Each structure stands twice: as C-alpha cells, then as structure tokens.
J.: 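My questions all concern the structure below.
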Amino acid sequence: MAAEPPAKRSSSLNEAAAAARKQLSPKYVQLRGDQQIELDVLARELQAARTRKAERITANTVIRVAVDVLLKRRGVLVGDTEAELLSSFLAYIEDLEQRPAQSKEDPTGS
C-alpha cells in the first residue's frame with residue numbers, strides 16, 4: 001500500500017483530530033459522595049436556569065466543562081498530591097478574583 005503524500009496525511013490527521021474532538025467517549029472517575037451530590041445539584045440548577053432549551057445540561061456536561069478549563073490552564077496545576085493540585089488551582093482562581101477589585105481601587109496598577 002502506497003503512503004499518502006505528506007500534505008494529504010497532515011490534512012487527514014487534522015480531520016481525524018477534529019472528528020475525535022466531537023466524539024464523546026467514556027472516562028470513568030471516582031467521586032466522593034459530596035462531590036457527586038453537589039455535581040448533580042449544580043447540573044440541575046444549570047438545567048433549570050437555561051434560557052434556551054436546545055441542549056440538556058447534565059453532570060457529565062459540567063464535568064466536561066471543568067476538564068476543558070483545567071486543560072486550558074494546565075500550567076497553574078502544581079503539586080505532588082490531589083490536595084496540592086487543588087490548592088494551586090484554587091490559588092489561581094482566588095488571584096483572578098482579586099484582580100478586578102484591585103484594578104477598581106487603583107486603575108494604574110501602582
């Protein structure tokens with residue numbers, strides 16, 4: 001079987017990657033009881049608050065959003081344990097939350 005020319009192969013890989021991004025596949029995760037309860041509550045709240053009823057919001061929807069956020073900000077995850085990773089990400093979030101308040105107080109940043 002002849003190999004595809006490099007340009008076609010690259011194009012095919014891009015198409016395959018795009019298709020893979022759209023396809024959902026199961027990933028099993030163990031959640032604590034409190035996480036599972038709060039996740040279900042959050043999903044129900046978001047589902048009820050929708051203004052457009054096009055897409056259902058489930059616990060899996062919320063998990064996928066959280067994973068996308070973590071992957072987008074992977075550089076802020078630092079640590080050797082789950083507790084350290086969580087702490088580093090929460091510190092990042094707290095820093096973001098402080099920035100608007102600081103900029104309102106002193107718009108020059110000094």
Side-chain angles (χ1 to χ4, degrees):
M1 191 156 83
E4 290 183 37
K8 274 198 170 250
R9 191 175 324 138
S10 177
S11 175
S12 305
L13 289 175
N14 289 339
E15 290 170 12
R21 277 192 290 277
K22 293 178 185 176
Q23 184 178 2
L24 301 178
S25 61
K27 176 68 177 173
Y28 300 98
V29 60
Q30 294 181 339
L31 299 174
R32 296 186 316 262
D34 64 313
Q35 290 173 320
Q36 192 167 10
I37 291 167
E38 289 298 321
L39 185 59
D40 289 338
V41 168
L42 176 58
R44 280 194 301 274
E45 290 171 351
L46 293 169
Q47 174 77 3
R50 292 178 308 152
T51 56
R52 288 181 292 117
K53 307 296 182 185
E55 182 180 321
R56 224 172 116 230
I57 297 175
T58 65
N60 283 334
T61 308
V62 177
I63 290 169
R64 284 191 298 273
V65 168
V67 168
D68 283 339
V69 169
L70 288 171
L71 293 175
K72 182 84 172 168
R73 298 290 180 236
R74 66 180 69 202
V76 302
L77 290 173
V78 179
D80 296 327
T81 66
E82 182 176 339
E84 290 173 354
L85 293 170
L86 175 61
S87 179
S88 69
F89 199 78
L90 291 177
Y92 168 74
I93 298 296
E94 288 173 15
D95 182 51
L96 288 178
E97 291 173 343
Q98 294 300 317
R99 287 182 189 176
Q102 289 172 353
S103 64
K104 285 178 189 173
E105 292 170 11
D106 184 4
T108 63
S110 35

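In this text the structure is predicted, and so the values were computed from the model without any measurement.
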J.: If you measure from CG on L77 to CG on L70, what distance do you get to the nearest 0.5 Å?
T.: 5.5 Å
J.: OG1 of T58 to CG of L42: how many Å apart, nearest 0.5 Å?
T.: 11.0 Å
J.: Would you name the heavy atoms of S88 and V78 that are closest together and state the gap between them?
T.: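 For S88 and V78, the tightest heavy-atom pair comes out as OG-N, 3.0 Å.
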J.: Mind checking whether F89 and V69 have side chains closer than 4.5 Å, heavy atoms only?
T.: yes
J.: Does one hydrophobic cluster hold both V62 and L31, with members joined at side-chain heavy-atom distances below 4.5 Å?
T.: yes
J.: Does any pair with a residue in residues 44-57 pass salt bridge (Lys or Arg N to Asp or Glu O under 4.0 Å), and if so which ones, sequence neighbours excluded?
T.: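 Non-adjacent pairs meeting salt bridge (Lys or Arg N to Asp or Glu O under 4.0 Å): zero.
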J.: For L71, enumerate each residue passing the side chain to side chain contact (heavy atoms under 4.5 Å, CB included) test, keeping only those at least two apart in sequence or located in another chain.
T.: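 Result, side chain to side chain contact (heavy atoms under 4.5 Å, CB included) vs L71: V67, R74.
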J.: Closest heavy-atom contact between A59 and A43?
T.: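 Taking A59 first and A43 second, the nearest heavy atoms are N-CB, 3.5 Å.
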J.: Would you compute the distance between atom CD of E97 and atom CG of L90 and round it to the nearest 0.5 angstrom?
T.: 9.5 Å
J.: Say whether, by atom type as modelled, one donor and one acceptor occur between the side chain of S87 and the main chain of E84 under 3.5 angstrom.
T.: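 Not a single qualifying donor-acceptor pair exists.
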J.: Give every residue pair that meets the side chain to side chain donor-acceptor pair (under 3.5 Å) criterion with at least one member in residues 27-38, sequence neighbours excluded.
T.: R32-D34
J.: Can a salt bridge be assigned to the pair D95 and R99 using a cut-off of 4.0 Å between side-chain N and carboxylate O?
T.: yes
